[in-house]
Amino acid sequence: METNDHEEQPFVFQTKEGLTVNLIKKPGYHQFLAALTARFGSLTTAMTVNGEQQVAIPAGTAHFLEHKIFDKKDGDALIRFTELGADANAFTGPNQTTYYFTATSQILENLAWLMSFVQDPYFTKEKVVRERGIIEEEIKLYQDDPAWQLYQGIIGLLYPKSALSQDIAGTKDSLQEITPDLLYQIHAGFYQPQNLVLTVVGDFDINELIAFIKEQQEQISSQTETVLVAKEDLAKQVTFAAQKEQGLSLEKGAYGLRLPSRLEDISGIERVKEILLGELALDLVFGDQTGWFQDAYEKGIFGDDFDYEYSNFGPYQYLTFFADGENQDQVQEYLLKRLAEAPASLAESQTDFTRLQKALAGQTLASQNRPDRLGLDEDLALYGVSLFDKMNIITRFCLDDVVQCGKRLFEGGRLTRLVLEK
């Protein structure tokens with residue numbers, strides 16, 4: 001197989017075991033990054049194995065498993081990376097768990113260790129019990145963090161009793177339900193090659209690396225169980241306003257808008273397009289370049305802390321806004337008014353759209369020079385959509401695309417408020 005060594009688009013292939021591999025060649029780069037992602041995150045709460053056995057997955061399991069994957073019979077897997085001159089880490093998200101390393105030398109040795117330790121689990125009762133205590137202490141550390149309280153609080157109002165409203169690390173009670181047998185079951189179901197994505201970024205010979213990865217994967221024993229994950233049935237929102245005493249020097253407010261779950265079954269690239277359009281729409285309506293924001297800023301309604309976000313994954317689509325200050329009633333009033341006028345405002349924003357589109361394209365282009373942004377791109381691991389693809393998507397948008405997206409984001413729904421009080 002011959003490939004173009006000078007092509008910076010991801011070269012994608014699958015091993016015969018089903019492992020998807022993205023190779024992103026960056027000529028002249030001295031640092032390498034490799035990331036192995038399992039499509040399994042905090043939102044998966046149950047699975048059916050081989051069409052028969054139903055297994056409940058307690059809150060915090062994905063995060064717990066991430067920790068325990070590093071724990072081997074001979075010690076911590078991180079020690080081996082250190083010996084090989086690499087920095088390694090991992091993180092858990094709603095739909096994925098990613099293990100990665102960066103290094104400037106001994107690349108193949110580090111890559112072989114990454115592929116091996118993630119796919120070869122070792123769990124014991126004693127180590128699981130010890131990990132429960134470690135994570136319980138971790139949870140306590142940020143329980144009083146206002147930013148954490150604000151975000152988890154608004155999500156709890158928008159999506160009551162949902163997987164998203166649960167702490168990604170779980171609770172003291174849910175951690176008690178995690179056992180070695182459960183971890184082995186979940187690893188067998190979600191860490192099999194067909195559910196893994198390996199991404200390597202750096203300056204390498206692509207053909208040699210393809211051969212090496214295929215050889216390494218062939219030596220790793222793999223699972224073949226069939227796992228089905230049921231769609232989450234979201235409960236209706238029942239509470240739209242709440243406040244909590246937090247002992248703060250300055251009140252903090254979070255506002256949310258739950259959107260209809262109409263995008264759950266769309267393709268990966270269509271979801272990425274919707275997210276990019278949503279980000280543009282939010283910037284055009286609420287960005288600091290708008291007259292609306294400048295007016296509110298001059299009046300002291302918003303400060304530099306004002307922030308907003310569009311989130312879209314699985315059945316969850318929602319907007320969030322955050323603002324500090326003692327004038328939360330005014331903040332809510334301004335947000336409601338702006339949401340009402342947003343569709344009309346978008347239709348008249350051609351000049352700002354052109355400028356922001358160029359800025360977003362420029363940011364995406366700049367990200368292509370960062371191995372971490374290339375290798376840890378969630379959209380590449382989950383949907384097969386790279387930064388290169390996103391660059392092309394962004395440049396093809398027109399204002400009407402954003403206007404239509406704005407109608408989906410801003411028309412309908414009821415604004416929810418959570419205030420952390422002094």
Side-chain angles (χ1 to χ4, degrees), residues 154 157-158 237 240-241 252-263 266 270-313 316-325 327-364 390-391 393-419:
I154 195 67
L157 294 178
L158 294 174
Q237 184 177 356
F240 293 85
K252 293 180 177 291
Y255 299 81
L257 192 63
R258 175 172 168 173
L259 307 175
S261 300
R262 57 190 163 203
L263 300 173
I266 65 173
E270 289 302 318
R271 186 181 295 276
V272 172
K273 286 181 180 178
E274 184 74 9
I275 293 170
L276 292 171
L277 285 170
E279 291 172 351
L280 278 169
L282 277 176
D283 285 340
L284 287 170
V285 175
F286 295 99
D288 57 15
Q289 86 288 345
T290 62
W292 170 83
F293 178 82
Q294 292 298 324
D295 176 66
Y297 187 86
E298 291 175 4
K299 293 177 179 178
I301 296 170
F302 295 125
D304 294 331
D305 56 89
F306 176 64
D307 198 11
Y308 50 82
E309 185 176 11
Y310 171 44
S311 299
N312 181 330
F313 44 85
Y316 301 97
Q317 290 97 49
Y318 57 95
L319 305 179
T320 47
F321 305 88
F322 302 92
D324 294 351
N327 54 348
Q328 294 300 324
D329 288 341
Q330 282 186 299
V331 169
Q332 182 170 358
E333 180 183 343
Y334 262 68
L335 287 175
L336 285 169
K337 182 180 178 181
R338 190 59 171 169
L339 286 167
E341 65 189 26
S345 176
L346 281 174
E348 300 171 354
S349 60
Q350 180 64 59
T351 300
D352 283 344
F353 163 73
T354 301
R355 180 175 56 79
L356 287 177
Q357 182 185 37
K358 290 180 179 178
L360 182 56
Q363 291 170 7
T364 305
K390 283 186 265 192
M391 182 73 179
I393 292 170
I394 293 166
T395 56
R396 292 172 183 170
F397 286 151
C398 65
L399 179 60
D400 187 60
D401 296 324
V402 183
V403 170
Q404 295 306 314
C405 179
K407 291 180 179 179
R408 296 189 288 273
L409 298 185
F410 305 129
E411 292 186 350
R414 180 175 171 184
L415 191 66
T416 300
R417 181 172 95 165
L418 171 66
V419 176

If you round to the nearest 0.5 Å, how far is OG1 of T364 from CG of L276?
-> 7.0 Å
Heavy-atom check, side chain of Y310 versus side chain of L259, under 4.5 Å | yes
Measure from the side-chain N and O atoms of Q357 to the backbone N and O of L280, and report whether any donor-acceptor pair falls under 3.5 Å.
-> no
Side-chain contact, heavy-atom cut-off 4.5 Å: Q330 with K299?
-> no
Is there a donor-acceptor pair closer than 3.5 Å between any side-chain N or O of N327 and the backbone N or O of G300?
-> yes
Hey, could you give me each pair passing salt bridge (Lys or Arg N to Asp or Glu O under 4.0 Å) that has a residue in residues 302-311? Not counting sequence neighbours.
-> none
Counting distance only, does the side-chain N/O of R417 pair as donor-acceptor with the main-chain N or O of Q328 below 3.5 Å?
-> yes
Go through the steps to decide whether L157 and F240 satisfy the test side-chain contact (heavy atoms from CB on, under 4.5 Å), and finish with yes or no.
-> CA-CA 7 Å; L157 294 178; F240 293 85; over 6 Å; no
Going by heavy atoms in the side chains, are Y318 and I154 under 4.5 Å from each other?
-> no
Considering all heavy atoms of both residues, which atom of P343 and which atom of L339 are nearest to each other, and what is their separation?
-> CD-O, 3.8 Å
Is the closest side-chain heavy-atom distance between R338 and V285 below 4.5 Å?
-> yes
Return the minimal non-hydrogen interatomic distance between L415 and L257, and the atom names on each side.
-> N-CD1, 3.8 Å
Please round to the nearest 0.5 Å and tell me the distance separating atom CG of L282 and atom CG of L277.
-> 11.5 Å
Look at the side chain of S345 and the backbone N and O of A342, then say whether any donor-acceptor pair between them is shorter than 3.5 Å.
-> no
Does the pair D283 and Y308 meet the rule for a side-chain contact (heavy atoms from CB on, under 4.5 Å), with working shown?
-> CA-CA 9 Å; D283 285 340; Y308 50 82; 2.7 Å; yes
Atom CG in D400, atom CZ in F353: separation rounded to 0.5 Å?
-> 10.0 Å
Between NZ of K273 and CD1 of I393, what distance do you get to the nearest 0.5 Å?
-> 6.0 Å
Should we say atom OH of Y297 is surrounded by more than 12 heavy atoms from elsewhere, each under 6.0 Å from it?
-> no
In terms of the angle between their ring planes, are F286 and W292 parallel, tilted or perpendicular, with boundaries placed at 30° and 60°?
-> perpendicular
Kindly compute the distance separating CG (L158) from CG (L319), expressed to the nearest 0.5 Å.
-> 9.5 Å
Side-chain touch T416/R258, heavy atoms, less than 4.5 angstrom | no
Positive for side-chain contact (heavy atoms from CB on, under 4.5 Å) with C405, one of V403, D401, L409 = L409
Any idea which heavy atoms bring F293 and G303 closest together, and the distance?
-> CZ-O, 4.0 Å
Close side-chain approach of L346 to F410, heavy-atom, < 4.5 Å = yes
Restricting to pairs with a member in residues 342-360, which pass salt bridge (Lys or Arg N to Asp or Glu O under 4.0 Å), not counting sequence neighbours?
-> D352-R355
With a 4.0 Å cut-off, would you call R271 and E274 a salt bridge?
-> no
Between CZ of R408 and CG of N312, what distance do you get to the nearest 0.5 Å?
-> 10.0 Å
So, for A361 and T395, which heavy atoms are closest and what is the spacing to 0.1 Å?
-> CB-CG2, 4.3 Å
Take I301 and V331 through the side-chain contact (heavy atoms from CB on, under 4.5 Å) test and state the conclusion after the steps.
-> CA-CA 6 Å; I301 296 170; V331 169; 4.1 Å; yes
